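Report on the structure given below.
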Amino acid sequence: MTAAKRRGTAWETLAVNYLKDNHNPRAHRNVQMGAKDIGDLDGYYLHAVENKDEQTLRFSAYIEQARREAGHAGQPFGVAFVKRRRKGVADGYAVRDLETDVRLINRLRDAEEIAQQYAPADVWKAHYEQHGEGH
């Protein structure tokens, strides 16, 4: 295994463990599928995830790959988790294009408006306290 491949595998392992600890305990690395690849990680809600640990950052290429793999995976959103030099996994970059980000935020806004309108007040308050401003 080349040094670049080892570095990439290590970054994928860090990223999937971060997702397991902070988002979804069932997150896992995907088996690579060539031309119909569905992303490096599964278990990040509504996303196909492409992981990158490269010396030269090429965000536009990462975004295109994440979008393509989201289509293959049947997910509405693609994102690239990019290793940030000399930083821990939580400081890595989550990279997507503006169009994808606006679609994601619109979906979140609409869902929260529905929850605020229809959920019991104590449920909405608990949700807001867990995920509200500053978190």
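Numbering starts at 1 and runs along the sequence shown. Source: prediction; values computed, not measured.
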Tyr45/His23 aromatic ring centres below 6.0 Å:
no
Going only through I, L, V, M, F, W and Y residues with side-chain contacts under 4.5 Å, is there a path from Leu104 to Val49?
no
Can you find a pair of side-chain heavy atoms, one from Arg96 and one from Arg67, that are under 4.5 Å apart?
no
Arg26 atom CZ, neighbour heavy-atom count above 12 within 6.0 Å
no
Atom NZ in Lys83, atom CG in Leu14: separation rounded to 0.5 Å?
7.5 Å
Please answer whether the main-chain N or O of Lys20 pairs with a side-chain N or O of Asn24 as donor and acceptor at a distance below 3.5 Å.
no
Under the criterion salt bridge (charged side-chain N to carboxylate O under 4.0 Å, His left out), I'd like the reasoning laid out for Asp40 against Arg29: C-alpha separation, chi angles, the key distance, then a yes or no.
CA-CA 6 Å; Asp40 295 325; Arg29 294 176 61 202; over 6 Å; no
Which is it for Glu99 and Arg103 under the salt bridge (charged side-chain N to carboxylate O under 4.0 Å, His left out) test, yes or no, and what are the steps along the way?
CA-CA 6 Å; Glu99 184 268 339; Arg103 284 190 305 112; 2.9 Å; yes
Please report the interatomic distance CD(Glu12) to NE2(His28), rounded to the nearest 0.5 Å.
11.5 Å
Asp91 side, atom CG; Arg86 side, atom CZ - distance, nearest 0.5 Å:
13.0 Å
Within the 4.5 Å heavy-atom criterion, are Leu19 and Phe81 side-chain neighbours or not?
yes
Min side-chain heavy-atom separation Val79-Val95 under 4.5 Å:
no
Worked check of salt bridge (charged side-chain N to carboxylate O under 4.0 Å, His left out) between Asp53 and Arg84
CA-CA 8 Å; Asp53 180 1; Arg84 190 169 167 198; over 6 Å; no
Under a plain distance cut-off of 3.5 Å, with no hydrogens placed, do Glu54 and Tyr62 share a side-chain donor-acceptor pair?
yes
For residues 69-77, please give each side-chain donor-acceptor pair under 3.5 Å, one per line with the distance, not counting sequence neighbours.
residue, atom, partner, partner atom, Å
Glu69, OE1, Gly39, N, 3.3
Glu69, OE2, Gln65, NE2, 3.1
His72, ND1, Asp37, O, 2.9

What distance do Leu41 atom CG and Asn30 atom CG have between them, rounded to the nearest 0.5 Å?
7.0 Å
Is it true that Tyr18 and Trp11 fall in one hydrophobic cluster, defined by side-chain heavy atoms closer than 4.5 Å?
yes
Can you tell me if Trp124 uses its side chain to pair, donor with acceptor, with the backbone of Glu112 under 3.5 Å?
no
Hey, could you give me the CG/CG distance between Asn22 and Asn17, rounded to the nearest 0.5 Å?
10.5 Å
Does one side chain, of Gln116 or His127, offer a donor that lies under 3.5 Å from an acceptor on the other?
no
Side-chain donor or acceptor of Thr13 paired with backbone N/O of Thr9 under 3.5 Å:
yes
Straight-line distance of Lys36 NZ to Arg68 CZ, nearest 0.5 Å
10.5 Å
Check whether any side-chain heavy atom of Leu98 sits under 4.5 Å from a side-chain heavy atom of Val102, and report yes or no.
yes
Say whether Ile63 and Tyr93 are linked into one hydrophobic cluster, either directly or through other cluster members, by side-chain heavy-atom distances under 4.5 angstrom.
yes
